[in-house]
Amino acid sequence: MDVSLAAWLVLAVAIAAANLPFANERLFGFIPLPQGRGAKAPPPGVTSASSSSSSPAAAARTKSFFARLLELLVLYFIVGALAYALEAGIGNVFAQGWEFYAITGCLFVVLAFPGFVLRYLRKRR
């Protein structure tokens, strides 16, 4: 694989992975959340098309902010493993110090900013 193509691939995967925790309510995009204590059933006597059942299973499930941060951390290491594998496939793997991981961690958080804004700062109308 070409070095330039590998770099662009890592960047594209990093952008997608950084925004994934904020884009949906499933862990890593495909694991459904268990029914939590925070989910509420609709009040008695209130019916709508989306909540026709008053069972707790019909209530909406949402990820906590802590779960989103933990997912972001795991995805950072997954993208790092992909980058390491691509670098090893190209040639020599360079040793990295703590500075490299501090900078790439901050970069990963910056790449997650659009998803954070859409999830928490956008006005719902």
Side-chain angles (χ1 to χ4, degrees):
M1 177 180 284
D2 184 39
V3 176
S4 178
L5 179 63
W8 283 110
L9 179 66
V10 169
L11 281 174
V13 170
I15 290 170
N19 288 295
L20 182 66
F22 302 105
N24 57 32
E25 297 300 328
R26 294 175 173 252
L27 291 175
F28 304 108
F30 60 90
I31 301 172
L33 292 173
Q35 182 65 35
R37 293 184 307 211
K40 297 180 183 176
V46 175
T47 59
S48 67
S50 63
S51 62
S52 60
S53 172
S54 62
S55 69
R61 300 176 188 144
T62 59
K63 284 192 284 191
S64 67
F65 185 71
F66 177 73
R68 293 183 200 277
L69 286 180
L70 186 64
E71 186 178 355
L72 191 69
L73 181 67
V74 170
L75 288 170
Y76 167 74
F77 286 113
I78 290 173
V79 170
L82 171 70
Y84 183 85
L86 288 173
E87 186 179 13
I90 291 170
N92 293 338
V93 177
F94 295 99
Q96 305 296 340
W98 67 270
E99 298 93 347
F100 172 80
Y101 298 105
I103 290 171
T104 56
C106 290
L107 178 63
F108 201 72
V109 170
V110 168
L111 290 176
F113 187 69
F116 176 82
V117 167
L118 289 176
R119 172 63 58 188
Y120 292 110
L121 301 180
R122 187 184 63 169
K123 264 190 176 177
R124 307 267 195 265
R125 295 180 193 226

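Residues: numbered from 1 along the sequence shown. Since the model is a prediction, treat every value here as computed from it, not as a measurement.
Identified under the side chain to side chain donor-acceptor pair (under 3.5 Å) test for residues 22-33, with sequence neighbours left out: Glu25-Arg68, Glu25-Arg119.
In terms of modelled atom types and a separation under 3.5 Å, the side chain of Glu71 and the main chain of Phe28 share a donor-acceptor contact.
Side-chain heavy atoms closer than 4.5 Å link hydrophobic residues (I, L, V, M, F, W, Y) into clusters, and following such links, possibly through other members, connects Phe30 to Leu20. Two different hydrophobic clusters hold Ile78 and Leu70 under the rule that ILVMFWY side chains link at heavy-atom gaps under 4.5 Å. A continuous path of ILVMFWY side-chain contacts below 4.5 Å connects Leu27 to Phe77, so both sit in one hydrophobic cluster. The cluster map of Ile, Leu, Val, Met, Phe, Trp and Tyr, joined by side-chain heavy atoms under 4.5 Å apart, puts Leu75 and Leu111 in different clusters. A single hydrophobic cluster is not seen to contain both Val109 and Leu107; linkage of ILVMFWY side chains at heavy-atom distances under 4.5 Å, directly or through other members, places them apart.
The distance from atom CG of Asn19 to atom CZ of Phe116, rounded to the nearest 0.5 Å, is 12.0 Å.
At a threshold of 4.5 Å between non-hydrogen side-chain atoms, the residues Val117 and Phe22 do not count as touching. Contact annotation: the side chain of Leu82 never approaches that of Val79 to less than 4.5 Å [non-hydrogen atoms, C-beta and beyond].
Taking every heavy atom of both residues into account, Tyr120 and Phe65 meet most closely at OH-CD1, 3.5 Å. In terms of heavy-atom proximity, Ala112 sits nearest to Leu72 at CB-CD1, 4.0 Å. Looking at every heavy atom in both residues, Ile90 comes nearest to Ala6 through CD1-CB, 3.7 Å.
Residue Asn92 places its CG atom among 12 or fewer non-hydrogen atoms of other residues, nucleotides or ligands, all under 6.0 Å distant.
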